[in-house]
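Below is one structure, written out as structure tokens; the observations come after it.
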Number of protein chains: 2
Amino acid sequence: MQIVEGQATSGEAAPDAAQRGQRSAFAVQAIRDMIVSGELPAGERVPERVITERLGISRTPLREALKVLEVEGLVQISPNRGAMVVKLSLGDVEAVIEMLIGLELSAAELACVRASDEEIARAEELHHEMASAYRRGALIEYFNINQQIHEQIFVCAHNAALLRVYRAESARIRRFRFVSNREATRWPRAVQEHEQILDALKQREGAILREVLRAHHWNGWKATAKVLSEEWGEELG
Amino acid sequence: MQIVEGQATSGEAAPDAAQRGQRSAFAVQAIRDMIVSGELPAGERVPERVITERLGISRTPLREALKVLEVEGLVQISPNRGAMVVKLSLGDVEAVIEMLIGLELSAAELACVRASDEEIARAEELHHEMASAYRRGALIEYFNINQQIHEQIFVCAHNAALLRVYRAESARIRRFRFVSNREATRWPRAVQEHEQILDALKQREGAILREVLRAHHWNGWKATAKVLSEEWGEELG
DNA sequence: CTAAAGGGTTTTGCATGCAGATTGTCGAAG
DNA sequence: CTTCGACAATCTGCATGCAAAACCCTTTAG
């Protein structure tokens with residue numbers, strides 16, 4: 001009886017429910033999205049019951065998913081008290097940004113030495129797409145291409161560990177970076193800085209690229225921090 | 001019936017079995033140790049049955065532990081085929097080392113600006129303990145204090161994200177770093193390099209500290225890589 | 001001799017039930 | 001009115017059972 005009922009649930013409760021062998025991965029992605037989108041606010045508890053019903057899976061794969069999200073740093077699990085969405089202070093986010101900048105400066109140096117001409121051409125192509133999105137005022141598209149350009153620097157560095165950590169840690173704070181985009185003031189300036197970044201990369205000037213990137217990210221963070229602190233003060237999620 | 005038997009198992013099968021609420025954490029640590037110690041060789045499958053019996057826990061917390069270890073990068077899980085200890089090539093390890101060096105150079109710059117005098121004094125104290133271990137020929141102790149000194153640089157940087165990532169990524173390759181210690185050739189030289197590191201830190205000379213650290217780690221990696229490639233060729237774990 | 005096909009065994013994926021922990025509620029005492 | 005405590009409702013931690021997938025060994029066709 002219980003088995004039949006269980007499988008019926010997984011078949012009807014959620015139309016996009018996961019197949020066998022993918023349930024916990026499905027839950028990880030779903031909860032991650034809920035956190036990034038703000039549907040699950042920071043500090044909120046994540047009751048197993050609610051999520052299982054929402055996703056149409058049972059508690060076992062859900063609990064595996066929560067463990068994964070805990071390692072990823074998106075939730076915190078307390079014994080006998082379950083999971084809660086991690087609450088980050090402005091200082092916490094700044095620390096992550098600072099570390100990511102360090103990673104990217106390392107990647108930049110390596111990229112200038114190791115990138116193939118094709119990889120640099122790809123970065124340039126992305127840059128033009130981004131400039132186009134800027135001219136059209138397509139904010140979301142601009143944001144996404146922007147992310148891709150910075151990732152391309154890591155690709156150019158030919159170091160899988162760098163890229164992996166960059167992606168994982170970026171995910172932790174993606175939500176906060178996006179916020180700053182509502183502040184359009186910095187937009188033209190950011191595009192201009194990207195010109196310089198591209199130039200330095202094309203000329204494979206590692207030292208110059210480092211400094212340009214450092215300034216670019218630091219300016220970006222200052223703008224983001226301004227928006228964030230106005231919005232929430234020190235109490236972020 | 002089943003419950004009584006289950007709890008009896010957790011009480012007697014493993015004398016150091018975990019308490020309620022700690023079983024998966026216990027399993028994570030136990031399996032991590034088995035991997036680091038080489039008891040579970042790279043490429044080996046990790047059958048749930050065997051581990052549960054060994055640790056005296058049931059499959060549920062074990063599977064949670066394996067998910068955690070997968071995110072940590074120590075095992076790989078394939079659907080319907082279970083977990084296997086990740087096999088790293090010499091190139092994979094080198095990529096991680098390269099990234100860790102980048103992180104430490106970032107931390108070093110920050111440390112020179114932000115460290116308190118007490119924190120630097122702590123680094124110096126560790127340095128003297130390490131030198132003492134060297135003179136006594138206490139290899140293991142030397143290795144551990146060495147790790148602590150490098151961690152202290154991250155502590156001095158006052159950036160929790162940097163320290164967290166450094167610890168997590170170091171854990172992935174701890175096994176390989178340790179190997180190089182059997183090669184005692186580099187020992188006196190390494191101690192000497194540590195003198196320079198300490199000096200640069202005490203004088204808060206970020207640029208110098210960067211270059212000294214870069215050389216130190218690069219030399220260390222060359223020695224390690226030599227041992228590793230002699231031992232396993234390109235087929236590491 | 002290799003390759004495909006069967007079938008029994010083992011292993012994984014997951015839903016669930018039970019025990020213990022926590023939380024919420026309400027009444028009594030201060 | 002607040003505080004403490006008992007009790008109930010709820011939630012988490014975990015062992016387990018069932019189904020599906022993978023595995024392994026034997027048999028058989030090419």
Side-chain angles (χ1 to χ4, degrees), chain A residues 1-14 16-31 40 43-70 75-85, chain B residues 1-14 16-31 40 43-70 75-85:
Chain A
M1 191 278 274
Q2 73 270 24
I3 301 301
V4 172
E5 188 180 29
Q7 301 202 332
T9 299
S10 73
E12 48 182 307
D16 52 350
Q19 300 303 311
R20 174 196 165 91
Q22 313 239 333
R23 279 161 162 85
S24 73
F26 168 74
V28 167
Q29 191 53 51
I31 299 171
L40 279 175
E44 193 91 335
R45 290 185 61 173
V46 188
E48 297 177 0
R49 193 88 193 305
V50 177
I51 308 293
T52 55
E53 283 172 4
R54 202 150 175 335
L55 301 182
I57 62 177
S58 79
R59 290 177 54 217
T60 304
L62 170 64
R63 297 186 96 256
E64 292 174 5
L66 289 172
K67 287 284 186 188
V68 167
L69 291 167
E70 182 181 35
V75 308
Q76 189 187 20
I77 301 180
S78 325
N80 293 321
R81 314 205 329 116
M84 112 179 329
V85 179
Chain B
M1 188 277 274
Q2 74 268 26
I3 299 301
V4 173
E5 187 179 28
Q7 302 202 330
T9 300
S10 74
E12 46 184 305
D16 52 352
Q19 299 304 311
R20 174 194 165 92
Q22 314 235 325
R23 279 163 164 82
S24 74
F26 168 74
V28 166
Q29 191 53 50
I31 300 170
L40 279 175
E44 193 92 336
R45 290 186 59 176
V46 187
E48 297 177 359
R49 190 90 192 304
V50 176
I51 309 293
T52 56
E53 284 171 3
R54 201 149 176 335
L55 301 183
I57 61 178
S58 79
R59 288 176 56 218
T60 304
L62 171 64
R63 297 185 97 256
E64 292 174 3
L66 290 173
K67 287 284 185 188
V68 168
L69 291 166
E70 183 181 35
V75 307
Q76 190 187 19
I77 301 179
S78 327
N80 293 320
R81 320 207 29 263
M84 112 180 327
V85 180

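So you know, we letter chains A, B, ... as the sequences are listed, proteins then strands, and number each from 1.
Comparing D/dA19, C/dT16, D/dA15 by their nearest atom to the side chain of B/Ser58 picks out D/dA15. Comparing D/dC14, D/dT12, C/dT12 against the side chain of B/Arg59 picks out C/dT12 as the nearest. The side chain of B/Arg45 lies closest to D/dC23, out of C/dG20, D/dC23, D/dA20. Listed nucleotides: C/dT16, C/dT11, D/dT12. Nearest to the side chain of B/Arg49: C/dT11. Among the nucleotides C/dG17, C/dA15, D/dA15, the one closest to any side-chain atom of A/Pro61 is C/dA15.
When rounded to the nearest whole Å, the span between CD of B/Gln19 and P of C/dG20 equals 13 Å. For the pair B/Ile77 CD1 and D/dA21 P, the computed distance is 19 Å after rounding to whole Å. Taking atom CZ of residue A/Arg23 and atom P of nucleotide D/dA21, one finds them 11 Å apart after rounding to whole Å. In this entry the distance linking CD of A/Glu64 with C1' of D/dT12 reads 15 Å, nearest Å. Protein atom CG of A/Leu66 is 9 Å distant from nucleotide atom P of D/dT12, rounded to whole Å. Look at CG on A/Leu62: it is 13 Å from C1' on C/dA15, rounded to the nearest Å. In this structure, B/Ile57 atom CD1 and D/dT16 atom C1' are separated by 14 Å, rounded to whole Å. When rounded to the nearest whole Å, the span between CD1 of B/Ile51 and P of C/dT11 equals 12 Å.
In this structure, CE in B/Met84 is found 8.5 Å from CD in B/Glu44, a value given to the nearest 0.5 Å.
Using a 4.5 Å heavy-atom cutoff, the side chains of B/Arg20 and A/Asn80 are in contact.
Residues B/Asn80 and A/Asn80 both approach DNA chain C. Their nearest nucleotides, taken by heavy-atom distance, put B/Asn80 toward the 5′ side. For the pair B/Thr60 and B/Glu48, nearest-nucleotide mapping onto DNA chain C gives the more 5' position to B/Glu48. Nearer the 5' end of DNA chain D, as judged by each residue's closest nucleotide, is the contact made by A/Val50, out of B/Pro79 and A/Val50.
Of all heavy-atom pairs spanning A/Glu48 and A/Leu66, the tightest one is CG-CD1, 4.4 Å.
Residue-to-nucleotide contacts include no donor-acceptor pair under 3.5 Å from the side chain of A/Arg81 to the base of D/dT12.
Although no hydrogens or angles enter the test, the distance criterion places a donor-acceptor pair under 3.5 Å between the side chain of B/Arg45 and the main chain of B/Arg81. Judged by distance alone, the side chain of A/Glu64 and the main-chain N or O of A/Ser24 form no donor-acceptor pair under 3.5 Å.
The residue B/Gln22 sits close only to the backbone: its heavy atoms come under 4.0 Å of sugar-phosphate atoms, none of a base.
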